[in-house]
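Reading through the structure tokens given below for one structure.
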Amino acid sequence: MESKIEKYLYMLQQKGYKSTNQREEILNILFENKNEHLSCEDVHKIISKEKKDIGIATVYRTLQLFEKLGIVYKINFDDGVTRYELNTEAENHHHHHLICTQCGKVTEVKLDLLESLEHEIEIEEGFVVSDHDAKFYGICKECKNKEK
């Protein structure tokens with residue numbers, strides 16, 4: 001994991017930004033929770049348990065910078081909370097999300113079933129899709145089983 005973090009820190013330096021301890025700590029949190037969709041408050045809460053000297057404003061500014069540089073994606077699940085997800089560069093597109101309307105659980109769907117649609121759009125409209133985002137709302141297995 002350390003070499004991946006170093007890659008992002010090097011990216012910061014190449015873009016003219018300093019590689020600070022705070023930025024490294026926030027990257028560590030993102031890597032340790034890479035399957036989560038963390039808000040600024042979530043990141044701050046985790047950091048506060050270990051290092052009390054990083055304020056929420058620093059976390060917020062750092063996440064904004066990381067988004068600007070493509071290190072994280074900003075995600076909104078229509079609940080008023082902005083979340084961030086690490087850009088692992090392993091995917092050509094964002095993966096899709098299943099959002100339970102009862103408990104709020106968010107599940108990632110790694111399948112990219114929209115590739116054929118993108119191809120059709122390019123053929124029909126001459127429009128090259130560079131990315132897409134899909135959210136599916138419904139009831140998760142756990143909530144569905146509780147109803148029975």
Any chance you could measure [X], atom [atom1], to [Y], atom [atom2], to the nearest 0.5 Å?
| X | Y | atom1 | atom2 | value |
| --- | --- | --- | --- | --- |
| Gln14 | Ser19 | CD | OG | 12.0 Å |
| His96 | Lys135 | NE2 | NZ | 12.5 Å |
| Glu41 | Lys45 | CD | NZ | 9.0 Å |
| Phe31 | Glu24 | CZ | CD | 11.0 Å |
| Leu38 | Glu85 | CG | CD | 9.5 Å |
| Thr20 | Leu27 | OG1 | CG | 9.0 Å |

Treating Ile, Leu, Val, Met, Phe, Trp and Tyr as nodes and any side-chain heavy-atom pair under 4.5 angstrom as an edge, say whether [X] and [Y] lie in one connected cluster.
| X | Y | answer |
| --- | --- | --- |
| Val128 | Leu114 | no |
| Val129 | Ile123 | no |
| Val106 | Val81 | no |
| Ile5 | Leu30 | yes |
| Ile139 | Phe77 | no |

Do the side chains of [Y] and [X] get nearer than 4.5 Å, heavy atoms only?
| X | Y | result |
| --- | --- | --- |
| Ile75 | Tyr84 | no |
| His97 | Thr107 | no |
| Arg83 | Asn76 | no |
| Phe66 | Ile26 | yes |
| Lys18 | Gln13 | no |
| Leu65 | Leu12 | yes |
| Val72 | Asn87 | no |
| Glu36 | Asp42 | no |

What do you reckon, is [atom1] of [X] surrounded by more than 12 foreign heavy atoms closer than 6.0 Å?
| X | atom1 | result |
| --- | --- | --- |
| Lys15 | NZ | no |
| Tyr137 | OH | yes |
| Glu125 | CD | no |
| Asn21 | CG | no |

On a heavy-atom basis, which atom in [X] and which in [Y] lie closest, and how many Å separate them?
| X | Y | result |
| --- | --- | --- |
| Cys40 | Leu63 | CA-CD1, 3.8 Å |
| Lys34 | Leu86 | CB-CD2, 4.4 Å |
| Lys68 | Tyr17 | NZ-OH, 3.0 Å |
| Cys140 | Cys100 | N-SG, 3.4 Å |

Give a yes or no answer on whether the side chain of Thr62 reaches the backbone of Thr58 with a donor-acceptor pair at less than 3.5 Å. yes
Does the pair Glu25 and Glu50 meet the rule for a side-chain contact (heavy atoms from CB on, under 4.5 Å), with working shown? CA-CA 10 Å; Glu25 285 296 324; Glu50 301 168 12; 4.2 Å; yes
Ring center gap for His44 and Tyr60 short of 6.0 angstrom: no
